[in-house]
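Below: one structure, written as structure tokens.
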Amino acid sequence: MTENSETQCAVIAVIGAPNAGKSTLVNALVGAKISIVTQKVQTTRARVRGIITEDQSQLVFIDTPGIFAPRRRLDRAMVAAAWDGLSGSDQTLLVIDAPMYLSGEAERGQAGKSRADTDRIIEGLVKADRKAVLVLNKIDDIARPKLLALAQELNEAGVFTDVFMISAKNGDGLNDLKSFLIKSAPNGPWLYPEDQLSDISDRLMAAEVTREKVFLRLHQELPYDTTVETESWKETKNGIRIDQTIYVARDSQKGIVLGKNGQTLKVIGQAAREELTEQLGVPVHLFLHVKVREGWSEEAARLRQMGLDVVE
């Protein structure tokens, strides 16, 4: 890195409704898996930073939880974390699932909810007098005229400075978005070392990887109120031993996670172990346990362990 006056650094908040593709976008831009991605809505729970350093520029992306109408303490903490991600950021990206938003105009289900959540975010930006960059995601199968009409409709709110149409999954449009963000980054020192890709701790990352495997395996059967905690982390001569607990809200959910003769838990553990071994570069010996903890999503101490501020 050269002198501060010759370097640029931008903090970029990435916000949007649940399942808009925020985590997929950040992972694709960073070129590494920073946030977990599942079919489950509200997968991301805390603010996770992904970092790009190229030439003289550093971009720090804050992948935030999806913003929706909160009910539980966990929900309120997640939504607060998302809005707090805007504080001190140099740019805000509002990511919108374009096909979901378009179909939500005539539907009451998940599409309608996603559109309502997005409209609520735009209203929040208007009230806060906060400008943002509009990122229309998942554009693969949408005709260009429809996308242009959608962009024009959303621009009427007066909060968007620029519009990008992308497919985070396929990589379409990402180079243009990254180039724009680099060019608009203000002069200043880097916030992280050149080789750092994220600020998430290894223990939390390991818990998130296992939680992803739980939801990928059981997203139809298991409700949202499931979490994973890394209880112990011990480096040995044969690799790393990790003990984790999967917490569920009811006893019936414990049976779902375990599966017949423990087979489901075994499959989840194998998938998590393989990914962690690849990420950490050493053999991982993963031991999973399942416990029932009713009302964990209302426990302030547990939410703080997840990196969330408690909102009463």
Side-chain angles (χ1 to χ4, degrees), residues 10-39 41-44 47-54 57-67 82 85-86 89-105 110-111 114-115 117-119 121-122 125 130-157 159-185 197-198:
V11 177
I12 301 155
V14 184
I15 64 173
N19 268 14
K22 301 179 296 298
S23 295
T24 302
L25 172 59
V26 172
N27 290 344
L29 288 169
V30 174
K33 188 172 182 179
I34 303 304
S35 296
I36 65 173
V37 178
T38 78
Q39 307 98 314
V41 296
Q42 296 127 32
T43 296
T44 301
R47 294 182 297 268
V48 179
R49 289 171 177 81
I51 305 154
I52 298 176
T53 304
E54 288 190 5
S57 300
Q58 185 171 88
L59 304 178
V60 180
F61 294 93
I62 305 176
D63 182 15
T64 65
I67 298 175
L86 274 65
S89 62
D90 300 292
Q91 288 275 15
T92 299
L93 305 185
L94 174 55
V95 182
I96 294 178
D97 181 328
M100 185 76 82
Y101 190 87
L102 286 168
S103 61
E105 188 172 13
Q110 186 56 45
S114 177
R115 185 182 178 103
D117 288 337
T118 299
D119 290 342
I121 295 169
I122 295 174
L125 291 170
R130 179 86 188 194
K131 298 298 183 181
V133 175
L134 174 61
V135 180
L136 295 177
N137 190 23
K138 307 180 185 181
I139 63 169
D140 312 67
D141 298 320
I142 302 178
R144 188 75 175 177
K146 273 193 172 183
L147 284 171
L148 293 174
L150 175 58
Q152 184 175 354
E153 174 190 343
L154 292 169
N155 263 322
E156 291 176 0
V159 298
F160 300 114
T161 60
D162 299 89
V163 179
F164 289 87
M165 302 179 185
I166 69 161
S167 171
K169 187 174 181 179
N170 296 334
D172 296 340
L174 295 191
N175 286 336
D176 289 341
L177 176 58
K178 184 169 74 171
S179 296
F180 164 80
L181 294 171
I182 288 175
K183 288 178 182 177
S184 59
L197 298 179
S198 176

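Below, each value reflects all heavy atoms present in this structure, side chains not excepted, and no hydrogens, waters or symmetry copies. For the single chain, residues carry numbers from 1 onward in sequence order.
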For residues 167-177, tabulate all N or O donor-acceptor pairs below 3.5 Å that involve a side-chain atom, not counting sequence neighbours.
{"unit_1": "S167", "atom_1": "OG", "unit_2": "D140", "atom_2": "OD1", "d": "3.2"}
{"unit_1": "S167", "atom_1": "OG", "unit_2": "D140", "atom_2": "OD2", "d": "3.1"}
{"unit_1": "S167", "atom_1": "OG", "unit_2": "N170", "atom_2": "N", "d": "3.3"}
{"unit_1": "N170", "atom_1": "ND2", "unit_2": "D140", "atom_2": "OD2", "d": "2.3"}

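K131 places no side-chain N or O within donor-acceptor distance of the main-chain N or O of L125, the cut-off being under 3.5 Å.
In this structure, F160 has no ring pair (Phe, Tyr, Trp, His ring centres under 6.0 Å) partners at least two apart in sequence or on a different chain. The side-chain contact (heavy atoms from CB on, under 4.5 Å) test applied to E54 returns I52, K178, I182, not counting sequence neighbours. Partners of D97 by side chain to side chain donor-acceptor pair (under 3.5 Å), not counting sequence neighbours, listed by chain and number: K138. For E156, the salt bridge (charged side-chain N to carboxylate O under 4.0 Å, His left out) criterion is met by no residue, not counting sequence neighbours. Looking at residues two or more places apart in sequence or on another chain, you find a side-chain contact (heavy atoms from CB on, under 4.5 Å) between S198 and I34, V48, I200.
The two residues G21 and V95 have their closest heavy-atom pair at C-CG1, 4.4 Å. The two atoms that bring M165 and A151 nearest to each other are CE-CB, 4.1 Å, heavy atoms only. Minimum interatomic distance between I122 and L154 (heavy atoms only, all atoms of both residues): CD1-CD2, 3.8 Å. For the pair L136 and A98, the tightest heavy-atom approach, listed with the atom from each and the gap, is CB-CB, 4.4 Å. Nearest approach of A10 to D90, heavy atoms of both residues: CA-OD2, 3.4 Å. Closest heavy-atom contact between I121 and A17: CD1-N, 3.6 Å.
In this structure, D117 and P18 have side chains that are in contact, with non-hydrogen atoms separated by less than 4.5 Å.
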Just do the side-chain contact (heavy atoms from CB on, under 4.5 Å) check on L29 and L59 with the steps written out, would you? CA-CA 10 Å; L29 288 169; L59 304 178; over 6 Å; no
Decide side-chain contact (heavy atoms from CB on, under 4.5 Å) for T161 and V133; before the verdict, give the C-alpha distance in whole Å, the side-chain angles of both, and the deciding distance to 0.1 Å. CA-CA 6 Å; T161 60; V133 175; 3.8 Å; yes
Could you walk me through whether L25 and N137 pass the side-chain contact (heavy atoms from CB on, under 4.5 Å) check? CA-CA 9 Å; L25 172 59; N137 190 23; 5.7 Å; no
Full working for side chain to side chain donor-acceptor pair (under 3.5 Å) between Y101 and D119: CA-CA 10 Å; Y101 190 87; D119 290 342; 2.6 Å; yes
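The structure places CG of L148 at 11.5 Å from CD1 of I142, a figure rounded to the nearest 0.5 Å. Going from atom OG1 of T92 over to atom CZ of R130 covers 3.5 Å, rounded to the nearest 0.5 Å.
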